[in-house]
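Data first, discussion second: the structure below is written as structure tokens.
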Amino acid sequence: MTLMKKKRALITGITGQDGSYLAEFLINKGYEVYGFMRRTSTDPFARIEHLHVSGALKLIYGNMRDLPTIERAIEESDPHEIYNLAAQSHVGVSFLCPDETWDINYMGVERLLTVAYKHNKKIRIYQASTSEMFGSTPPPQSEKTVFAPVSPYAEAKLKAHHLIEEYRAQGYFAASGILFNHESPRRGKHFVTRKLTHAFAKMKYGMQDHVTVGNLDAERDWGFAGDYVRAMWMMLQEKKADTYVIATGEAHSVRQLIETVGSVIGMPIHWEGKGLKEVGKDEHGTIRVSIDKKFYRPREVDALQGDASKAKRKLGWKPEVSFEELVEMMVQADLRLIGGTQEYVQQ
Ligand code: NAP
Ligand code: F7E
């Protein structure tokens, strides 16, 4: 009997939303999975503890800002595939910390590519590019759409995206997924979807009166993270590396998101007032949503709606979870979390 050698994958950003779903996905496919994580003073294990404790996931300490740690991780894991998900991923924060964002989101990619291809020219690399790179270009956006980034986050990601394409032109397997917003019960609470599902669950339990948000009119194409990590893997199984847009093709405003969360949780919201004075009230007239200027971005991406027809055609990828199902999933998970019936959401 010949023993099949396991494929090895290294995931940076393992403690994040996508890192945790991708690790589960690859482990289920029989991969030996290594996660690259930085040491922090708080406990970052919540999303991956179940994989780490069971021994299915091997963790390597490091930092995308620290070249020797990347070298060590690649030596130790000797990967066939690398998924570079590590990033300072908050767009709003990138205006406050532009240097750090640049150093992780662009320079980190440069460090990784240099080290990886020096180690083994055949490594297949996935780079987490983003719809934010389209910036002010109106929807729908596809692989052919012009990039017009408006934030330090998007500028760094675009520079990294171009670097990936340069390596690809030299014959390396460097793929780039231009992923539109994807969410889940594991989404960080500083992103608008999870901020809302978590806040409404707390309101439902009487633990919070109302939630404060920023721009209600921004439109996003929100999909489910579980569907999107599958696309990342599919890109690395192709004969040739390429760039793919991954999106649902459906856009909703933050206002519509709030209305959907409200109605799923049984607290329908109606709107009164205008501009910064606009409020969302429940059926008893209690203010549940108000606006605070501090949640506005210095420069906003008004509308994102992806055209993923290339991924459908070439990879056979399509999303399986609709916007309404996603909101339902996140609301139910936060209700369980806040209600104390589950310590952490493993959806
Ligand atoms: P996330 O939950 O914020 O996770 C980001 C990960 O990067 C975390 O594990 C974080 O580790 C790690 N990280 C940050 N700085 C690092 C550093 N200096 N060295 C090593 N690791 C570092 O983000 P996500 O939603 O899973 O997104 C994954 C990737 O896709 C990111 O690159 C993001 O920019 C990109 N993306 C996301 C979306 C989306 O809608 N989710 C869409 C397009 C592209 P800590 O736990 O230590 O902070
Ligand atoms: O904002 C508006 C905000 O922070 C969505 C990251 O994963 O997806 C994500 O970036 C929209 C924006 O995500 C609040 O102004 C209103 O228009 O949830 P978000 P994002 O900025 O789209 C892309 C594709 C990535 O690549 C990123 O890594 O919602 N908004 N009120 C608010 N946003 C937040 N966070 N909080 C508010 O209170």
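Below, each value reflects all heavy atoms present in this structure, side chains not excepted, and no hydrogens, waters or symmetry copies. The residues of the chain are indexed from 1 along the displayed sequence. Just so you know, ligand 1 is whichever comes first in the structure, and atom 1 is the first atom listed for that ligand.
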- Which protein non-hydrogen atom lies closest to atom 27 (C) of ligand 2, naming both residue and atom, and how far is it? S89 O, 3.3 Å
- Message: Check whether R194 reaches the backbone of G188 with its side chain - one donor and one acceptor, N or O, closer than 3.5 Å.
- Response: no
- Which ligand 2 atoms, with their elements, are less than 4.0 angstrom from a heavy-atom of V213? 31 (N), 38 (O)
- Is there a heavy atom of S129 sitting under 4.0 angstrom from any atom of ligand 1? yes
- Note on the structure: Among H182, H190, H90, R297, closest by heavy atom to atom 19 (P) of ligand 2 is R297
- Can you sort out which atoms of ligand 1 are near Y153, meaning under 4.0 Å from one of its heavy atoms? 33 (C), 34 (O), 35 (C), 36 (N), 44 (C)
- Message: For the backbone of H182 and the side chain of Q17, can you confirm whether one donor and one acceptor N or O come within less than 3.5 Å of each other?
- Response: yes
- Message: Looking only at the side chains, is there a donor atom on one of D221 and Q305 sitting less than 3.5 Å from an acceptor on the other?
- Response: no
- Should one rank R47, M64, E100 by closest heavy-atom distance to atom 19 (N) of ligand 1, which comes out on top? M64
- Which is it for R220 and ligand 2 at heavy atoms under 4.0 Å: side chain, backbone, both or neither? side chain
- Query: Taking both backbone and side-chain atoms of S131, is any N or O found less than 3.5 Å from an N or O belonging to ligand 2?
  - Reply: no
- Item | Within-shell test, Y228 vs ligand 1, heavy atom, strictly < 4.0 Å | no
- Message: Check contact between R187 and ligand 2, using heavy atoms of the residue and a distance below 4.0 angstrom.
- Response: yes
- Task: Could you pull out, from S89, A73, A128, G35, the option with a heavy atom nearest to atom 23 (O) of ligand 1?
- Result: S89
- Query: When you check the side-chain N and O atoms of S94 and Q88, is any donor under 3.5 Å from an acceptor?
  - Reply: no
- Item | Joint hydrophobic cluster, L22 plus L179, side-chain heavy atoms closer than 4.5 Å | yes
- Of D292, D302, V192, V301, the residue with the heavy atom nearest atom 18 (O) of ligand 2 is V192
- Query: For ligand 2, which atoms sit closer than 4.0 Å to a heavy atom of F295?
  - Reply: 38 (O)
- Query: Between the candidates A86, A87, S20, which shows the shortest non-hydrogen contact distance to atom 14 (C) of ligand 1?
  - Reply: A87
- Answer yes if F191 and L216 sit in the same cluster of Ile, Leu, Val, Met, Phe, Trp and Tyr residues linked by side chain heavy atoms under 4.5 Å apart, and no otherwise. no
- Task: Describe, in one word, how the ring planes of F147 and F134 are oriented to each other, choosing from parallel (under 30°), tilted (30 to 60°) and perpendicular (over 60°).
- Result: parallel
- Item | Side-chain cluster (under 4.5 Å, hydrophobic types only) that L163 belongs to, other residues | L10, Y34, F36, I60, M64, L67, I70, I74, I82, W102, I104, Y106, M107, V109, L112, L113, V115, Y117, I123, I125, I164, Y167, Y172
- Going by the side-chain hydrogen bond (donor to acceptor under 3.5 Å, both in side chains) test, which pairs reach into residues 52-65, not counting sequence neighbours? R65-D103
- Message: Can you confirm whether H252 sits close enough to F323 that some side-chain heavy atom of one is under 4.5 Å from a side-chain heavy atom of the other?
- Response: yes
- Query: Which ligand 2 atoms are under 4.0 Å away from a heavy-atom of G214?
  - Reply: 14 (C), 16 (C), 31 (N), 38 (O)
- Hey, does T193 come in under 3.5 Å of ligand 2, counting only N/O atoms on both sides? no
- Does ligand 2 have an atom that lies less than 4.0 angstrom from a heavy atom of Y296? no
